[in-house]
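Since we're looking at a predicted model, the values are computed, not measured. Numbered from 1 within each chain, the chains take letters A, B, ... in sequence-line order.
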Amino acid sequence: MKHTISILVENHAGVLSRISGLFSRRGFNIDSLAVGVTDDPSVSRVTLVADGDDYMVEQLEKQLNKLVDVIKVRTIPQEELISRELLLAKINAPAEKRSEIMTIAEITGAKVVDITTSTITLEISDRTEKLANFEALIKPYGIKEMVRTGTIALQRGADAIKK
Amino acid sequence: MKAAQAMVKCLEQEGIKVVFGYPGAAICPFYDALSESGIRHILVRHEQNAGHAANGYARITNRPAVCIATSGPGATNLITAIATAYMDSVPMVVITGQVSSDQIGRDVFQEADITGAAEPFVKHSYLVKDASAIPRIFKEAFYLAGTGRKGPVLIDVPVDIQNVDIDFNYPKSIEMRAYKPSSKGNNLQVKRAAEAVALAKKPVICAGGGVFSADACNEVLELATKADIPVVTTMMGISCIPGSHPLNMGMIGMHGVKSANLAVNKCDLIVLIGARVGDRAVRSPSFLEENAKIIHIDIDPAEIGKNVKVDIPIVGDAKLILNQILEIIPKLEHREWINELLALKNAPAFEKRADGVVNPKLFVSKLAERMPDDTICVADVGQNQIWTCNFFCMRGGRFLTSGGMGTMGYSIPCAVGAKLASPETPVVAICGDGSFQMQMMELATICQHDIPLKIVIMANNRLGMVHELQKNLYKGNTTAVFLDGSPDFIKLAGAYGIECERVSSEDEIDGAIERLVSAKGPYLVECRVSPDEKTL
């Protein structure tokens, strides 16, 4: 089962390597990891998606909590998850295919961010499952390059993770 | 003042009297400043042993001890010692020199990314980039190393940073929002635990190394006595209550004794105190889960539920928690259960060995009898360790060994640290001829600094435990375990001017032990042991 975990960390050099080192050392499988600074510049927020059973998530949380730079760890319940991932894709788009691709973009909510005589570059931000669907739709045209950010997430409701 | 002087000042502020180290170019500014302080520096003969000596010092004082090495190979040589301390939760502050900060990352001479390399084995680490942060970093490092679940903290200081002038203000308090070690146990959990203990018919206490970290030996004994509960220990827990105490059923695990293992297998409730249920201590945690109620007291929440499912977890400081339990628990009696276990705790019978060798179990047993009650006994790793665990009956004092990591070559440097931490206490190190040869350079350290250690080498010309394993599990294909080429240990000790003798028949044991115990200076005894001597 997939688990989405939010981690508030001190915005220091070396924090990410401590966190990622922990995963390999303790044998945790990580699907994605996204890091960025928060509204407080001394704090970064890591969102990680991990696959495993309850024992693994409990251990992962506890081991993360032991890191001195980790301020707070919270696993976001699946039903309260607001998650987004950003995807950029450069697709083969000869003149005759352009309108088809534009239709896909319109339906999926993707934006055109660059266009050349032979390619279109699309940007889409959505949940991971939606992005998989988007990828399947554009694949037949030929994806020249694609990049994804990894999931970022917040919990629904007024509650927030306190520092 | 110079940052290097500030580093020394920090150590003084932390009450550090002795440090262990090995200098090099990248740590020279610090050494320059250290020489002008009152702190005693013990020059070891290999950086790893500076770490083990600090380990021994820290375990006796129960406060962070300091070891120092230079950049590159000096620092990497410390890694095994750092990992050894990490596995046994020993508080240490490790100071390494680093190449000049403008050179970092260019693979210059003696450069090694030690904060990166040691990352899996430290509680925390610092690479100092701003000299003015040194007082704060040292303050934090000592605090981190010595609180919560203790452990090694590394401070890597580039050589140019050590030469920067800074204002010295040692911080009075610590501001670390992300680090909050727990202390008292949750009252409700404590109450549940006390009730469970009161209901149990066959309770047992299993004490681990955490009991020493929490300074909770008296509390363990008090609980055992008040609630009339037998005590077993892990290897790390040996000597938390005297081995001779009628409630002590001995060491559990793969190399433990019958009375202890049966206590764990037959109990209906186990109180784990500062014990992490390691694989060598508890072979099948699931058996325990099914057959007994489990109370787990540990300062590290991550240890609870890691290796065994727990019924009543209590996170916090074992001393405080045990006092909380003691306040509410009634006086109990479990005589029948205790007698059942005592019946298994036979007085050891030692088979006689032919001339030319001695029974090592007999030797350590007699040595324990003759050494004073407060003796610190350090066992190395291998067969010598198990013989010592099971037959060196601690009547007080302290037993030390590398329990988690099983680091060969630990005993003598650890004993050096232990002796310096408690100069009046007799300290004996027991090792094998394999492990001795990993640390024999430290004989020079003992001589140079007048450290009157007693050393026993169990010599069977084999890596005995691996030899036994190969015989039993690898169809007798004994390979790469023969120590031919070993020096004459008596001549070797003689070359250092250390008094010594060889014991090769059982009627020589008493005399040798007498001379070892009464020697004023260091004394080394080589015990000849049969190559076929069994671990258990």
Could I get the full list of side chain to side chain donor-acceptor pair (under 3.5 Å) partners for Glu129(A), not counting sequence neighbours?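 Glu129(A) satisfies side chain to side chain donor-acceptor pair (under 3.5 Å) with Arg127(A) only.
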Residue by residue, scan residues 119-131 of chain B and write down, ordered by number, those that have a heavy-atom distance under 4.5 Å to chain A; if none do, write 'none'.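 Under the 4.5 Å heavy-atom cut-off, Glu119(B), Pro120(B), Lys123(B), His124(B), Ser125(B), Lys129(B) qualify.
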Only heavy atoms, only distances under 4.5 angstrom. Which residues in residues 285-300 of chain B are near chain A?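 Hits under 4.5 Å: Asp300(B).
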Dump the intermediate steps for side-chain contact (heavy atoms from CB on, under 4.5 Å) on Lys309(B) and Tyr55(A), then the final yes or no. CA-CA 10 Å; Lys309(B) 284 198 199 96; Tyr55(A) 169 82; over 6 Å; no
Tyr179(B) side chain vs Lys66(A) backbone, donor-acceptor pair below 3.5 Å: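 The answer is no, because no donor-acceptor pair under 3.5 Å joins these two groups.
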Heavy atoms from other residues, nucleotides or ligands near [atom1] of [X] exceed 12 (cutoff 6.0 Å):
| X | atom1 | answer |
| --- | --- | --- |
| Met146(A) | CE | yes |
| Gln78(A) | CD | yes |
| Arg280(B) | CZ | no |
| Asp53(A) | CG | yes |
| Glu96(A) | CD | yes |
| Lys130(A) | NZ | no |
| Lys180(B) | NZ | yes |

Engaged part of [X] at the chain B interface, taking heavy atoms whose separation is under 4.5 Å:
| X | value |
| --- | --- |
| Arg25(A) | side chain |
| Val68(A) | both |
| Glu61(A) | neither |

Please list every donor-acceptor pair under 3.5 Å in which a side-chain atom of residues 37-49 of chain A meets a protein atom from a residue at least two apart or in another chain.
unit_1, atom_1, unit_2, atom_2, d
Thr38(A), OG1, Asp40(A), N, 3.2
Thr38(A), OG1, Asp40(A), O, 2.9
Thr38(A), OG1, Val43(A), O, 2.9
Asp40(A), OD1, Ser42(A), N, 2.9
Asp40(A), OD1, Ser42(A), OG, 2.9
Asp40(A), OD2, Ser42(A), OG, 3.3
Asp40(A), OD2, Lys163(A), NZ, 3.2
Ser42(A), OG, Arg177(B), NH2, 2.9
Ser44(A), OG, Asn11(A), OD1, 3.2
Arg45(A), NH2, Ser6(A), OG, 3.0
Arg45(A), NH2, Ala153(A), O, 3.3

Taking every heavy-atom pair that is under 4.5 Å apart, which of Pro181(B), Gly116(B), Pro301(B) has the most such pairs with chain A?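 Among the listed options, the one with the most contacts to chain A is Pro301(B).
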